[in-house]
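Okay, structure first, notes after.
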There are 4 protein chains.
Amino acid sequence: MKEYSEKETRILNAAAEMFTSHPFHKVLLSDVAGAASVGKGTLYLYFKNKEELYFAVIFREFSILVEKLTKKIKQGNLSPVEQLTTIIKCLTKRLFAKATNVELLGTFVSCPKNEEWQEKRVELWTLIESVIVQGVEQGEFEDSNPRLTAQYIPGFIRSVSLFRPENIDCETIQKHACEFVLKGIKKGK
Amino acid sequence: MKEYSEKETRILNAAAEMFTSHPFHKVLLSDVAGAASVGKGTLYLYFKNKEELYFAVIFREFSILVEKLTKKIKQGNLSPVEQLTTIIKCLTKRLFAKATNVELLGTFVSCPKNEEWQEKRVELWTLIESVIVQGVEQGEFEDSNPRLTAQYIPGFIRSVSLFRPENIDCETIQKHACEFVLKGIKKGK
Amino acid sequence: MKEYSEKETRILNAAAEMFTSHPFHKVLLSDVAGAASVGKGTLYLYFKNKEELYFAVIFREFSILVEKLTKKIKQGNLSPVEQLTTIIKCLTKRLFAKATNVELLGTFVSCPKNEEWQEKRVELWTLIESVIVQGVEQGEFEDSNPRLTAQYIPGFIRSVSLFRPENIDCETIQKHACEFVLKGIKKGK
Amino acid sequence: MKEYSEKETRILNAAAEMFTSHPFHKVLLSDVAGAASVGKGTLYLYFKNKEELYFAVIFREFSILVEKLTKKIKQGNLSPVEQLTTIIKCLTKRLFAKATNVELLGTFVSCPKNEEWQEKRVELWTLIESVIVQGVEQGEFEDSNPRLTAQYIPGFIRSVSLFRPENIDCETIQKHACEFVLKGIKKGK
DNA sequence: TATGAATGAGATTTCATTCAT
DNA sequence: TATGAATGAAATCTCATTCAT
């Protein structure tokens, strides 16, 4: 897990706040600097440019999520169904809480950080895939392409969190999403 | 269906081309004007500013898709399973083809056009939902919350199209997605 | 006296309205056209460009004033004191009424119309000068440079009309200005 | 007296140069920036926009004039006649030298700076008025409305400087203007 | 003659980035 | 390291003018 200095953390927090509530081009670095209580020039000591800062934000958010999930899955002694349930609930909770997290998973700019982030995304997919594969091996799941399914999951949770029906609560989504996925891959008799 | 003049169409085509291959702030209106073979000022005759043009592009792309789907579903005499299959295949094909269509379904900026677009999104969800509900009524599907499922579908297709595994082809995704969804909501014995 | 067609008059009226209440660069030709109920292109049938229209406005306003004054002076059988009083009162009344007539007599752009207008200005000065000279010849006035005095008069009336003390009325200014000027040039014993 | 930083002064000097020789809409901020040897963006660090810069220029020019005059009048131990003579000569000299200073004292745009400038204008009028009142009190002048007279003076000097007869020199105007004003308000026997 | 959609040069302005301190 | 004034390239947008109808 990447370590961040205190100042770097302040900047990333401020930037996360802005980038998750405004599109890239509406976020001003002077505002980020102000919110982080650092000088505008200081941003450039820690991040090469606006784009790198943007990806650093997403990367950190994503890393925290992936790390937490990985820990839960690897450490617990859970069945594939339980593991998948954990993942879906955890993702839903997170994205539901940060639904304004608009750009997250959104834009596509070529930039070194972007690749770093792509790796994290792959890490998440691979985690989910491994759970499905394990379930298949244990005869609980059947799936002709677990990697695709692994990609579906964060994708639809993001979507439903972002544009959620009015008055729906997180638990309802969690429950429904688990049922849907588990039914979608459970081994037929 | 909104009508567009010939010039408006040229502008929207050019803008779609640019916005789907570059992030918002990298798209220059002068380039759009050039690509549409109109003067820069002409853009402002048809669209109040860059943001409105951006949303007009997304809105039109989305409208075309929704209209096409609606027509297919409403006109054909298809079973719920066939209808859902049609929707998933169609969405997948479209998003797979425009995978660079980054912002599509993505960004969230308050702007009048945005609300117009939100309505289109709702239109799509409602269409899918109605197919599921019909399937439930006919005893083919079971789903405790068809609206959520309806939202999952474009969400995960977008995601898997955007960040698709290397060397995968559209048909594979179409087939797998259909199986996954149909299994996820098919009526148990 | 220059003749204006009906349409030209409509345009000049509309332009006068705008130019006398806004600075040159804030006046949009589209607004002028709209106010005159003609197409934007029509303006260009009557006036070469914005600057010419601007000067045509000033020129017409000024011409009307000068012509009226000249008629009064030339036709009446007035003493020099009465003539000067008439001129001052007339100028004051006019400028007092159009005090927002900001640019009038103000800006300085080289343009053929400008020279035409300069001639009108000279016409006014010459008229006033001739009255003073006449007064000098009749032993009522003394003035080492009647032309300068002739220029002072519209200048200070413009200024006091434009930035007039609050609550002052036109008659007070008229009376005071007449006294001031007449005393300033009356023949000492 | 308002203080200006070195850079602000450079900008104001450059802007004064441009605005006094060209009408507002012909002055390019890029030229101003170039002439001041600063970046275009730097202008916006010191002045909110073109209009504010414009008024800042006029305001400074005017302030300098008013301050100089005030100092001369207040410090010198001069009779009212001498004071008035000083004012008229000084104003004439100044406006004669900057006769291209077209807009000076001219335009009328609502803008915060404009009010600031109006105050300066009032300051000048009040100064002149006080000299006249003093002369009246000392039995040298008589004037039924010294404030009006005070407003006449800069007004007619501006006008005669702006549109001066050919080949006239400053001294001639100064001398004539003094005679005219002094005679216009001198106490009759 | 009359129009107003179209134009595009060029205006104002922004803001990521630099750099002297 | 930290700063933020300064920068200026480049963005958006305006509007006088043209011209096909």
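Just so it is clear: chains get the letters A, B, ... in the order the sequence lines come, proteins before strands, and each one is counted from 1.
- Computed from coordinates, the B/Phe47 CZ to F/dT14 C1' distance equals 18 Å when rounded to whole Å.
- With hydrogens and angles disregarded, a donor-acceptor distance shorter than 3.5 Å links the side chain of D/Glu8 to the backbone of D/Ser5.
- Between B/Ala14 and B/Val32, the shortest heavy-atom distance links the atoms CB-O, 3.7 Å.
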### Query
Using Watson-Crick and G-U wobble pairs with both distances under 3.5 Å, what is the 5'-to-3' dot-bracket string of DNA chain E, with [ ] for crossing pairs and | for pairs outside the strand?
.||||||||||||||||||||
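- Side-chain N or O atoms of A/Lys7 include none that pairs as donor or acceptor with a backbone N or O of A/Thr42 at under 3.5 Å.
- Side chains of C/Lys40 and C/Leu28 form no contact here, defined as non-hydrogen atoms less than 4.5 Å apart.
- In this structure, D/Ile11 atom CD1 and F/dT7 atom C1' are separated by 12 Å, rounded to whole Å.
- For the pair C/Met18 CE and F/dA16 P, the interatomic distance rounds to 11 Å; values are reported in whole Å.
- Rounded to whole Å, atom P of F/dT17 lies 10 Å from atom CD of C/Glu52.
- Shown here for A/Phe59 and A/Lys120, the closest heavy-atom pair between the two residues is CE1-CG, 3.2 Å.
- When the salt bridge (Lys or Arg N to Asp or Glu O under 4.0 Å) test is applied to A/Glu17, no partner is found at least two apart in sequence or on another chain.
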### Message
For nucleotides 7-14 of chain E, give me one character per nucleotide, 5' to 3': B if any protein heavy atom sits under 4.0 Å from the base, S if the only such contacts are to the sugar-phosphate, - if neither.
### Response
BB-BSBBB
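- One can place CD of C/Glu6 at 14 Å from P of E/dT1, the figure rounded to the nearest angstrom.
- The aromatic rings of B/Phe24 and B/Phe19 sit parallel, their planes meeting at an angle under 30°, below the 60° perpendicular limit.
- Across D/Leu29 and D/Leu43, no two heavy atoms sit closer than the pair O-CD1, 3.4 Å.
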